[in-house]
Visitor: 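The structure follows.
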There are 2 protein chains.
Amino acid sequence: MPHPSAEARPPLNRDQVLVAAIALADKDGIGSLTMRKLGEELGVEAMSLYNHVANKIDLLDGMIDRVFGEIDLPGDEPDWQTAMRRRAVSARETMSHHPWAIGLMESRSTPGPVTLRHHDAVIGTLRKAGFSIAMATHAFSVLDSYIYGFAMQEASLSFRSAEDSAIATQMIMARFPADQYPHLTEMAVEHILKPGYDHSNEFLFGLNLILTGLEKTRHTL
Amino acid sequence: MPHPSAEARPPLNRDQVLVAAIALADKDGIGSLTMRKLGEELGVEAMSLYNHVANKIDLLDGMIDRVFGEIDLPGDEPDWQTAMRRRAVSARETMSHHPWAIGLMESRSTPGPVTLRHHDAVIGTLRKAGFSIAMATHAFSVLDSYIYGFAMQEASLSFRSAEDSAIATQMIMARFPADQYPHLTEMAVEHILKPGYDHSNEFLFGLNLILTGLEKTRHTL
DNA sequence: ACCTGAACACCGTTCAAGT
DNA sequence: ACCTGAACACCGTTCAAGT
């Protein structure tokens, strides 16, 4: 009897492995997600995991597809901008819960079914709003680039500023010696580091700018 | 005499290490960049590298800062949009040469001097064009999110489509079974996979949309 | 000052063996 | 059908030792 509940516990399945892997990556970062640690988390040796995932790439593919499932699909809102805004806000929220996923979501070479369904729903909303195929492609490209790019910047910012913003300020200022970077310093000191500033407001500014711009091209081409 | 040119060759320096590391990552991907392989490339044992970089994180920081140096700074163009467009196009071009760098450029916790100078120049151009500090922050955020997000998508696309687009088509279509993803299929078959389509055109569409949107807010706030 | 050999504590993955 | 132990070919990094 290796450990108490060894034969009491039913066998693992793929979904349990994926859920545990996501939880581990959320907690300790993707760098700490190793087959050995994941096995330990599940009360199993690392080698057992290969009964449920083909290899680590397959594990990551499965994790990403599961994360995509957390993003709201654009719904049946009458206004296409409202639908796109809700989906974009949800995507950003999801990625803020799983920052390790951001770089991976768009770079999997084999997107899963949930991912494909998500993209299909976004394109469908655009087409129903009257965008031509060419314009829908443009819209899809600019929206997704913006959403993922913003999430990437936000993840690195929250990583940079760590827990204490006062300490972060000290550290940042120490790296801006003697007005070598006057505009960056001005922006930091006079705006970003001021109490009222909230970086998350930047997201809606850019999103609305893009949606407004797209509305104007909706019936062209 | 370990190898022929051992005492003929002058000692390594940090820049040679960074240049070789970038070349290796360009050639084989970031996953193949190991201290041992990098040492081999330089005719040296892996342990010698620690005389020139503190550790692998420091190596990556140095590589990224050097890549930032390849991006054109926004110049003294009279039109701020022209300056921003040139810088954005250059950034995208640079990242297409160094796809491994994309996920890392915005996520380094200690940006180097070249990186800071780049950001300072971008903000300076916006401020000189009349953007308030708050509006320049908005503009900086939306532009950078878009540029990095687009580069990320482009890198994964070129990775996905591998060398032969016909094979890629087969593979993609095999994953769209029985009209489960009608809009995605339509976009692929009727537009993206057609001979005339060039994904790189998407970049300027989104960039111009954002620049036009920003121009309208240039004198607000 | 720069480089090396040996060692340590890790990785992902295979495979034969167990139940 | 699922899990394990032992093994293989790797990692980054430290450290004492060489020149």
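Every chain is numbered from 1, with letters handed out A, B, ... down the list of sequences.
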Visitor: State plainly whether the residues R127(B) and E186(A) are in salt-bridge range, i.e. N to O under 4.0 Å.
Guide: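 Looking at E186(A) together with R127(B), the answer is yes, because their closest N to O distance falls below 4.0 Å.
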Visitor: Please, what dot-bracket string fits DNA chain D when only Watson-Crick and G-U pairs with both distances under 3.5 Å count, crossing ones use [ ] and pairs to another strand use |?
Guide: ||.|||||...|||||.||
Visitor: Looking at side-chain heavy atoms only, is the closest gap between K194(B) and V189(B) below 4.5 Å?
Guide: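 No, too far: nothing below the 4.5 Å cut-off.
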Visitor: Looking at Q16(B) and P11(B), what are the two nearest heavy atoms and their distance?
Guide: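 Looks like NE2-O, 3.9 Å.
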Visitor: Taking it one step at a time, do H199(B) and Q153(B) satisfy side-chain hydrogen bond (donor to acceptor under 3.5 Å, both in side chains)?
Guide: CA-CA 10 Å; H199(B) 177 72; Q153(B) 260 176 318; over 6 Å; no
Visitor: In whole angstroms, how far is the P atom of dC2(C) from the CZ atom of R14(B)?
Guide: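 The distance from CZ of R14(B) to P of dC2(C) comes to 14 Å, rounded to the nearest Å.
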Visitor: Expressed as a whole number of angstroms, how long is the span from L12(B):CG to dT4(C):C1'?
Guide: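 Between C1' of dT4(C) and CG of L12(B): 14 Å.
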Visitor: On a heavy-atom basis, which atom in D120(A) and which in Q180(B) lie closest, and how many Å separate them?
Guide: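 So the minimum-distance heavy-atom pair works out to OD2-O, 4.4 Å.
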Visitor: Please find the pair of heavy atoms, one from L59(B) and one from A21(B), that lie closest to each other, and give the distance.
Guide: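 Of all heavy-atom pairs spanning L59(B) and A21(B), the closest is CD1-CB, 4.0 Å.
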Visitor: Is there a side-chain contact between W100(B) and M63(B), using heavy atoms and a 4.5 Å cut-off?
Guide: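 In contact.
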Visitor: Starting from C1' on dC15(C), measure out to CD on E45(A) and report it in whole angstrom.
Guide: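 Result: 16 Å.
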Visitor: State, to 0.1 Å, how close S32(B) and L24(B) come at their nearest heavy-atom pair, and which atoms those are.
Guide: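 Nearest pair, atom of S32(B) first, then L24(B): O-CD2, 4.3 Å.
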Visitor: What integer distance in Å separates L59(B):CG from dC11(D):C1'?
Guide: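 Computing the L59(B):CG to dC11(D):C1' distance gives 14 Å.
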Visitor: If you compare all heavy atoms of D72(A) against all heavy atoms of R86(A), which two are closest, and at what distance to 0.1 Å?
Guide: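 Minimum heavy-atom contact is OD2-NH1, 3.5 Å.
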Visitor: Can you pull out the residues from residues 33-40 of chain A that lie within a 4.0 Å heavy-atom distance of DNA chain C?
Guide: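 DNA chain C contact set from residues 33-40 of chain A: L33(A), T34(A), M35(A), R36(A), K37(A).
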Visitor: Are F140(B) and H183(A) near enough that their ring centres are under 6.0 Å apart?
Guide: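 Not close enough - the centres of the two rings lie 6.0 Å or further apart.
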Visitor: dC11(D) P sits how many Å from I30(B) CD1, rounded?
Guide: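 Computing the I30(B):CD1 to dC11(D):P distance gives 14 Å.
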Visitor: Looking at residues 46-58 of chain B, who's got a heavy atom less than 4.0 Å off DNA chain C?
Guide: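 Result for residues 46-58 of chain B: M47(B), S48(B), N51(B), H52(B), sorted by number.
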Visitor: Taking all non-hydrogen atoms of both residues into account, name the closest pair between P99(B) and A155(B) and its distance.
Guide: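 Taking P99(B) first and A155(B) second, the nearest heavy atoms are CB-CB, 4.1 Å.
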